[in-house]
Amino acid sequence: MSKVPWKTTIAGAAILAATVYAYAQLSPGANGPMGTHEQMMQGGMMGSMAQMRDQMMQGQGGNMRQMHEQMTQGQSGMHGGMHGQQFGAAGVPTMPGQDAFGAIQEVVQMLESDPATDWSKVNIAALREHLIDMNEVTLHAATAERMLNNGIEITVTGEGGTLAAIKRMVPAHVRELANIGWNAKAEELPNGVKLTVTASETQPLAKLKALGFVGIMVEGGHHQPHHLMMAKGEFPMH
Ligand SMILES: [Cu+2]
């Protein structure tokens, strides 16, 4: 498959992992033909974790085996293992130190744990490019919000790499929102994107106002699965 379109197609899903997990717990889950996306939303954090665990198991327990080895190598056996859940086995830290680094590390470990991984298609550099876009949009985009009678209009602007990231991510994310039943649209501007979201029964005006740009960007459960698909060199099912 071509490596060009995925960027515009997938890049849409700008959300931070921790935020979406947290939000998924609060979200009642939207109605829509989203399959795994919807399952993730409905399952919230536990659903996602179970999915990850299942993937680990399917991958012949690569991660589990590693964890077990660390546990048994640890000086205090089970006790060391218990601590391993929180601090890493045998006093080894688990925090990656940098969020994009951690996101890439998690995906690489998942691919290594899956015997079906096709390394000829894997494209970790593509995932890194997307995470750079996410950084631009999340931290550097300028936003101006205007309340409408029945919705919110947000002008998202930036320059250089920030502008390019906005144009890749915001329209693609809006398509995902539409897929889960939101009344959202994106319109290209010379210096950014105009995002308009209309209120509905499930997404009332007060909520849209409270969410604002980045809150709307983290909505939906499609983001993390898209990261894995990007890394695998696959297209998302839009
Ligand atoms: Cu992303």
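Order of appearance sets the numbers: ligands from 1, and atoms from 1 within every ligand.
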Does Leu189 offer a backbone N or O that forms a donor-acceptor pair with the side chain of Lys167 under 3.5 Å? yes
Check this for me: Gln105, atom CD, are more than 12 non-hydrogen atoms of other residues, nucleotides or ligands nearer than 6.0 Å? yes
Can you tell which of Glu219, Arg168, His222 makes a side-chain hydrogen bond (donor to acceptor under 3.5 Å, both in side chains) with His173? His222
Using modelled atom types only, decide if a donor and an acceptor are shared between the side chain of Thr138 and the backbone of Asn135 within a distance under 3.5 Å. no
Please state whether the separation between the Cu ion (ligand 1) and some N/O/S atom of His226 is under 2.8 Å? no
Vertex the Cu ion (ligand 1), ends His227/NE2 and His130/NE2: angle to nearest 10° comes to 100°
Whether Met134 has an N, O or S atom under 2.8 Å from the Cu ion (ligand 1): yes
